[in-house]
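Report on the structure given below.
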Amino acid sequence: MAITTHEVEQDHSGEWVQTAELAVLSLTKLLRNDPAELASLVRACENEGFFYLDLHDWKSGKMLEDLDIATRLMRLWFEKPLEEKMKNHTDDDCNGYKPTGVQSGVLESSRDGFEALRISRTAMLEGSPIPKTIQDNIDVFRRFQQSEHFVLKSILACLSTAIGLEGSKRFEDDHDDKVPSKSSLLFIHHPVSETVPGEGQLGHYAHTDLGSLTLLFTKQPGLQVLSPDTRKWQWIEPRKKYAIVNVGDTLRFESGCRFRSSVHRVLPPSGKMKDDRYSSPYFLRAANKAEFKDIDGNVKTVEEWHARKFESFDQNLEEQRLDHVATGGMDIDLGVVV
Ligand SMILES: O=C(O)CCC(=O)C(=O)O
Ligand SMILES: [Fe+2]
């Protein structure tokens with residue numbers, strides 16, 4: 001079943017942008033291995049690479065309640081002075097604080113407009129360097145991260161089953177929880193800003209996610225996907241009690257490019273960031289040592305691809321276009337310049 005919308009809304013340049021019609025999948029049906037739901041899951045990963053995950057009747061997880069508590073706590077944390085937040089700054093791209101403006105912009109001659117707190121799965125499990133707010137509420141944050149991890153690993157298993165993978169060929173095989181990985185939970189904040197697109201710091205650059213699957217929560221608009229169908233940007237509408245799930249590069253490569261890691265970005269609908277925008281993605285990533293063939297056909301470990309992606313995120317748009325790493329080669333696949 002697809003949510004049917006519809007209308008179009010203007011973007012920052014005054015162009016009319018359609019709303020994406022993404023498939024809607026029920027987590028409870030997927031957990032039951034419902035054959036029709038598995039077939040829809042495969043289609044969604046082959047086509048848009050994005051879908052809504054219906055969580056209305058998933059009673060066993062407290063994920064949505066934990067999300068509300070964690071979001072409230074993180075909003076307060078982001079209000080702290082920059083010097084305070086910078087105490088959690090690290091060189092580790094999957095753990096610690098990232099201030100605004102250190103990565104690429106959405107358009108030429110601009111930089112990103114979001115700050116983020118990243119909490120790696122390892123840091124969460126070990127309780128190693130994480131801000132006090134999180135340490136003081138570790139049960140909530142840990143349970144939230146574990147629920148998200150469970151949901152994405154279950155979806156990964158559904159995909160293996162649905163396309164008939166067995167034994168060591170199943171996608172879960174290189175997502176062993178006992179070996180080190182760069183799975184990471186993020187809280188993202190785009191502060192209110194008078195900046196207009198193309199200047200200063202605004203939005204979140206066009207990219208594909210580097211890992212296997214991403215589970216995203218946001219209540220606010222701004223997320224856009226480059227539709228593999230129309231090859232144009234489309235808004236992804238936030239929906240209450242639905243998560244947004246998307247395929248990342250690792251799963252794209254491991255599926256022999258059968259599944260798509262669609263390019264996406266964040267821009268405020270009317271041009272300026274008139275309200276603070278909050279979102280929270282959880283990135284499920286394969287074991288650091290897992291291998292796949294990347295966009296150049298070279299064998300890479302997840303760890304190496306992770307490093308290459310983050311180098312690319314720090315570059316400017318012109319540099320990014322040269323090696324296609326930020327966009328995971330999807331731009332070449334679709335024949336578009338992002
Ligand atoms: O904030 C959002 O809506 C999307 C964030 C995102 O794409 C990312 O962190 O990879
Ligand atoms: Fe992303």
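Just follow the structure's listing: the first ligand is 1, and inside any ligand the first atom is 1. Throughout, numbering of the chain's residues begins at 1 and tracks the sequence. Here the structure is a predicted model, which means the values were calculated and not measured.
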Could you give the N/O to N/O pairs under 3.5 Å linking ligand 1 and the protein, each with its distance?
residue	atom	partner	partner atom	Å
ligand 1	1 (O)	Arg277	NH1	3.0
ligand 1	1 (O)	Ser279	OG	2.7
ligand 1	3 (O)	Arg277	NH1	3.3
ligand 1	3 (O)	Arg277	NH2	2.9
ligand 1	7 (O)	His207	NE2	3.2
ligand 1	7 (O)	His264	NE2	3.1
ligand 1	10 (O)	His207	NE2	3.0
ligand 1	10 (O)	Asp209	OD1	3.1

Connected hydrophobic set around Leu76, excluding itself, where side chains approach under 4.5 Å:
none
Residue pair Gln320 / Ser312, side-chain heavy-atom distance below 4.5 Å:
yes
Listing protein N, O or S under 2.8 Å around the Fe ion (ligand 2) gives His207 NE2, Asp209 OD1, His264 NE2
Considering all heavy atoms, the nearest Ile236-Ala20 contact:
CG1-CB, 4.3 Å
Against the six-membered ring of Tyr52, is Arg239 placed for a cation-pi contact (under 6.0 Å from the centre, within 45° of the normal)?
yes
Ion pair Glu46/Arg260, N-O distance below 4.0 Å
no
Strictly by salt bridge (charged side-chain N to carboxylate O under 4.0 Å, His left out), give each pair with a member in residues 144-160 just once, sequence neighbours left out.
Lys153-Asp177
Within 45° of the axis and under 6.0 Å from the centre of the six-membered ring of Phe144, does NZ or CZ of Lys62 qualify?
no
Test log, rule side chain to side chain donor-acceptor pair (under 3.5 Å), inputs Thr100 and Gln201:
CA-CA 7 Å; Thr100 59; Gln201 303 177 359; 3.0 Å; yes
Evaluate the side chain to side chain contact (heavy atoms under 4.5 Å, CB included) criterion for residues Asp249 and Ile295: first the C-alpha distance (whole Å), next the side-chain angles of each, then the deciding distance (0.1 Å), finally the verdict.
CA-CA 9 Å; Asp249 296 337; Ile295 46 175; over 6 Å; no
